[in-house]
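First up is the structure itself, then whatever we jot down about it.
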Amino acid sequence: MPGQNKAARTQQDPEVIVVGGGGSGLFAAIEAAEMGRRVLVLEKNPVPGGTTNWAIGSLSSSMSPMQVAIGVHDTPEAHYEDMAKFHGNLLARDNPDLRKVFVENVPATLKKLLDMGVVFFGPMPEPPHRVPRMHNVLPNSRAYAHALYRRARQLGVDVRYNHRACRLIREREKVVGVEVEADGSQKRFFARRGVVLAGGDFSANREMKREYAGDVIAQADALVKTSTGDAIQLGLDVGGEIVNGDLMSGPQLRFVPPRTNLMTMLPPSRFLALTMRWAMAILPQPVIRPFIMMFLTTVLEPQRKLYESGAILINRDGARFTDECDKPQLAVPQQKGKEAYIILDGRLAKAFSACPNYISTAPGVAYAYLPDYRRNRKDIYHSARSLSGLASKIGVSPPTLEVTIADYNRNPRPGCAGLLEPPFIALGPVRSWLLTEGGLRISASMEVLSKSGQVIPGLYAAGATGQGGIILEGHGHHLGWAFTSGRLAGRAAALQEMS
């Protein structure tokens with residue numbers, strides 16, 4: 001009841017509450033705190049960072065100090081125009097007002113990250129960007145959460161972990177607080193100015209994926225298992241709506257991550273990042289390339305050309321189950337364990353050991369070839385002289401695998417240069433991963449809007465939760481939007497009149 005809510009409030013309540021402690025949520029908290037507001041962050045996980053910790057780490061922006069240092073003249077207007085070139089058939093579904101807000105404000109976002117001690121390498125080119133705009137974080141994407149959390153704590157932001165938001169509290173239609181589950185009980189927190197929803201996407205919510213994108217997409221896995229769309233659902237519960245809920249980044253076939261990896265385990269220290277940047281700029285490629293490969297062979301997807309050249313996919317039974325060049329990422333989730341292996345032979349191994357045939361790439365950074373996987377991913381690289389030997393190594397039926405290869409050799413893919421012959425190599429397993437692109441409809445001021453287009457008072461959204469119609473094709477735009485929209489949402493909530 002409204003009266004009960006009001007009675008429970010005190011002068012010590014935070015002025016701004018942020019739901020989610022990932023990149024967008026922490027940036028929202030920092031912005032509000034820098035304006036002198038008391039801020040509370042509610043994070044359901046035991047650590048900060050969210051999906052940001054799993055990102056490749058690039059951020060695209062115009063007008064950066066790094067661009068100026070290499071003589072690149074760039075403007076938000078040019079960035080605005082170039083973003084549209086990535087969209088293709090999706091351009092009609094983009095929100096130009098949000099795109100304009102993004103490109104005009106991302107330079108200041110990048111500057112704030114630099115001021116917090118985040119180190120970047122670049123900018124790197126990525127056509128159709130007319131100039132280099134892609135800035136790559138060092139030593140890895142965990143540097144973002146490390147810097148943001150440190151800054152938030154310096155500002156006195158109260159961050160509560162293991163606090164799952166389950167309901168928004170309203171008085172006279174205005175959102176005034178959040179009800180959470182924590183320590184086996186329910187608690188209420190009230191915001192004297194506004195609430196920012198920044199809890200990520202809904203890629204781990206099978207029911208929401210099924211509703212907006214269908215049964216086939218719903219089977220694909222999420223990069224982050226806790227991306228269950230809780231914050232988006234909070235907005236829906238008070239009258240908001242999802243825009244572009246059917247759009248996905250992926251599904252993409254990627255190798256399962258290693259249990260341990262040097263590059264992703266590196267501490268996010270500024271000294272280490274500066275050392276890496278110096279090395280990448282000064283040392284010869286042969287010297288630094290092995291270290292770069294430790295990262296690339298962990299996070300990137302195998303390229304379509306591998307299949308076009310004759311590699312095939314098999315399931316856990318050893319059987320080929322799909323046309324590898326016709327959306328295999330949708331077929332893999334239907335297989336046992338939702339996994340598959342890529343089968344190559346000696347001819348393909350030789351072809352994909354050097355330019356121009358690479359297994360995977362990070363644009364503007366480097367290419368990864370088969371020897372890089374043999375060196376850095378021994379857990380997913382398997383080879384044998386015979387099919388029975390390979391089957392034993394990957395745990396599939398030897399007779400089934402032998403029949404599979406014999407059938408393929410009788411009817412190989414059109415245009416392939418030869419049959420699959422010894423020695424044999426299996427890469428994998430691979431799984432199908434995705435991120436959802438739909439988010440709550442928002443205004444250019446990050447206010448959550450109802451289905452009728454009216455502002456829901458006191459409620460703001462940022463990052464994937466508030467993606468609200470903006471299309472973010474191209475590297476570096478998702479993180480750029482997460483941080484920038486978080487910054488703007490935190491500012492808008494801080495400026496909201498007190499309840």
Carboxylate-amine/guanidinium contact [X] [Y], below 4.0 Å:
X      : Y      : value
Arg304 : Glu308 : yes
Arg193 : Asp13  : no
Glu31  : Lys112 : yes
Asp237 : Arg167 : no
Glu15  : Arg192 : no
Glu241 : Lys451 : no

- prompt: Quick one: is the NZ or CZ of Arg99 closer than 6.0 Å to the six-membered ring centre of Tyr80, and within 45° of its axis?
  reply: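 Here Arg99 passes the 6.0 Å and 45° test against Tyr80.
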Closer than 3.5 angstrom, by distance alone: can the side chain of [X] be matched with the main-chain N or O of [Y] as a donor-acceptor pair?
X      : Y      : value
Asn53  : Pro48  : yes
Ser485 : Ala462 : no
Thr404 : Gly318 : yes
Asn95  : Ile470 : no
Thr465 : Gly199 : yes
Asp326 : Asp323 : no
Arg413 : Tyr307 : yes
Glu43  : Asn45  : yes

Any side-chain heavy-atom pair from [X] and [Y] closer than 4.5 angstrom?
X      : Y      : value
Leu223 : Leu435 : yes
Val430 : Ile342 : yes
Ile312 : Ile405 : yes
Val196 : Val19  : no
Thr109 : Phe27  : yes

Gap between atom CZ of Arg491 and atom CZ of Arg487 - 0.5 Å precision: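 With rounding to 0.5 Å, CZ (Arg487) is 7.5 Å from CZ (Arg491).
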- request: Please find out if less than 6.0 Å separates the ring center of His129 from that of Phe86.
  value: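 Centroid distance His129-Phe86: below 6.0 Å, so yes.
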query: Does Tyr373 have its ring centroid less than 6.0 Å away from the ring centroid of Tyr381?
result: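 Between Tyr373 and Tyr381, the centre distance exceeds or equals 6.0 Å.
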task: Could you tell me how the ring of Phe120 sits relative to the ring of His135: parallel (under 30°), tilted (30 to 60°) or perpendicular (over 60°)?
output: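 Rings of Phe120 and His135: perpendicular, as their planes differ by over 60°.
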- request: If the plane angle is over 60° it's perpendicular, under 30° parallel, otherwise tilted; pick one for Phe102 and His477.
  value: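 Answer is perpendicular, since the angle exceeds 60°.
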query: Can you tell me if Asp201 and Ser203 form a side-chain donor-acceptor pair at under 3.5 Å?
result: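 Short answer, yes.
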